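Worksheet: the structure to be examined is printed underneath.
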Amino acid sequence: MGTAAGGRRPWHRTLTLWVVIGLAAGAAFGALAPEYAVRTRFLADAFVSLMTMIIAPVIFTTVVSGIAAVGGGRRLGRLSLKAILYFEVATTLALLLGLLAGNLLLLLPVGRVDDAQVRESDVAPLERAAADSADGTLSLDWIVPETFTAAFTSGNALHVLLVAALFGTALMMSGERGKPVLDLIDRLGHIFFRAVRLLVAGAPLAAFGGAAFTVSRFGLVPLRSLASLVLVFYLACALVVFVGLGLLARLNGFSLLLLIRYLRSELLVLLGTSSSESVFPQVLRKLELAGAPRAVSAPVLAGGYSLHLVGTCVYLTTAAVYLAAAAGEPLSLGEQLLFLALALITSKSAVGVTGSGLVTLVATISIAHSVPLAAVALVIGIDRLMSEARAFTNLLSNSVAAVVITRWVGRLDRRRLHQVLTAPRPADHRRPEDDPAVVQINISD
């Protein structure tokens, strides 16, 4: 397949264009034929499942290669300390912002719910999933997998990250004996990224299915009684992204708007699938091309998918304050702060897939006992709408974190970052033959 001059792909063959077409066609189909469009959800769910399936080996190979390339335990320790400190400060601020947004909601009309309005079939599955989530978060199993292979089947990114960190550190200490193994892992990583390239071809279909399902269920405008919750939550996420992340990016020498433009293909796929995990490999690849070496960006980005879900944190406290008021039992200041403290722990059990934020909310409510569980029935139906903003904020916050922390440890190629972000049409500027150490996936224009 040919490319345009300079190695660029023709405009009509870019992923961005086809994802936009998929979103537009899905929205139109959902509005015109909702009874059929509601069945298209499987397209988005299948895409997310396939991408989630390959996340574990991608994290393992990239983190192992990255750690082995760091060059010393002291550097790795500094990186881990700075990343954890960054994650905790960011998530705490996000939870506080959620509390402020939730209290702002109390100034607006809030719907009421009682136990009689709750369908057992809706709440029971959430309670079971939340119980498993809460138990896992409050135990050693949250971080340590039962076996080596269980790390790849548990669905917990922290399990894979721990195994990869242990394996990568051991490989780094093995010297010459470890080089053949490292070369094998690099080659496996190349193959997994090629597999990602194959799967990404289905992104427009996933965007079509997700958009069609969402519009068929909720229409083009959020539900009436919950419009205030959706609006305030979206505004809170916008504040995080365009004020908080925008300022942080500016202080570290790059533009958030240019980064958003650079990641536009991934953001559009995310809007169709409501899952930030579905674009993890592509984002990792693009950050590497933009001057954030895999040795740093891979561990930070992988860790952020459990420890730094900023959008989910904003959602947890916003929804809790709103639901308590909806149940007629508004939270006192002390109860809000207690919920925040618990959410700091339980938010780490969330993952970047659709619905995990709602499960984490139920888990935190179950532990805190300050919000009636019956009130959750209000948000079950609109969780897909909330998930869009959560995923968008999570992805951007983790991308910014990867660039910022890479700069803090002195590994960011600022010239390369500026060159890539300010290009007239952001593209993959490097071909595989130019740099064999870099895995190439041409997924964007």
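Predicted model, so just to flag it, every value in this text is computed and none were measured.
Side-chain contact check for Arg390 versus Val310: every heavy-atom pair is 4.5 Å or farther apart. Between Tyr86 and Leu248, some side-chain heavy-atom pair lies under the 4.5 Å cut-off. At least one side-chain heavy atom of Val400 sits under 4.5 Å from a side-chain heavy atom of Phe254. Here the side chains of Leu421 and Ser255 are not in contact, with every heavy-atom distance at 4.5 Å or above. Thr91 has its side chain out of reach of Leu309: every pair of non-hydrogen atoms, C-beta onward, lies at least 4.5 Å apart. Taking 4.5 Å as the limit, every side-chain heavy atom of Val321 sits out of range of all side-chain heavy atoms of Phe339. For the pair Phe242 and Leu257, the minimum side-chain heavy-atom distance is below 4.5 Å. Gln282 has its side chain out of reach of Leu284: every pair of non-hydrogen atoms, C-beta onward, lies at least 4.5 Å apart.
To the nearest 0.5 Å, the span separating SG on Cys237 from CE on Met386 amounts to 8.0 Å. Here the CD-NE2 distance, from Glu88 to His308, works out to 9.5 Å after rounding to the nearest 0.5 Å.
Taking all atoms of both residues into account, the shortest heavy-atom contact from Leu23 to Leu271 is CD2-C, 4.4 Å. Contact detail for Phe47 and Leu199: the closest heavy-atom pair is CE1-O, 3.3 Å. Residues Pro299 and Arg294 share a closest heavy-atom pair of CD-O, 3.6 Å. Here the shortest heavy-atom pairing between Gly189 and Thr61 reads CA-OG1, 3.7 Å. Here the shortest heavy-atom pairing between Leu97 and Ala236 reads CD2-O, 3.6 Å. The shortest non-hydrogen separation linking Cys313 to Ala94 is CB-CB, 3.8 Å.
Formation of a donor-acceptor pair under 3.5 Å by the Thr318 side chain with backbone atoms of Gly98 is found in this model. Using a distance-only test at 3.5 Å, with no hydrogens or angles considered, no donor-acceptor pair links the side chain of Ser297 to the main chain of Ala402. Side-chain atoms of Ser174 do not come within 3.5 Å of backbone N or O of Arg177 as any donor-acceptor pair. A distance-only check finds a donor-acceptor pair linking the side chain of Lys82 to the backbone of Trp408 [under 3.5 Å]. Remark: side-chain polar atoms of Asn394 are paired, donor with acceptor, to backbone N or O of Gly311 under 3.5 angstrom.
Using cut-offs of 30° and 60° on the angle between ring planes, the pair Phe167 and Phe60 is tilted.
Atom CE of Met53 is surrounded by more than 12 heavy atoms from other residues, nucleotides or ligands within 6.0 Å.
Test Arg261, Arg285, Lys286 against Glu266 for salt bridge (Lys or Arg N to Asp or Glu O under 4.0 Å) and you get one pass: Lys286.
When the side chain to side chain contact (heavy atoms under 4.5 Å, CB included) test is applied to Phe42, no partner is found at least two apart in sequence or on another chain.
Salt bridge annotation for Asp183-Lys179: absent, with no cationic side-chain nitrogen under 4.0 angstrom from a carboxylate oxygen.
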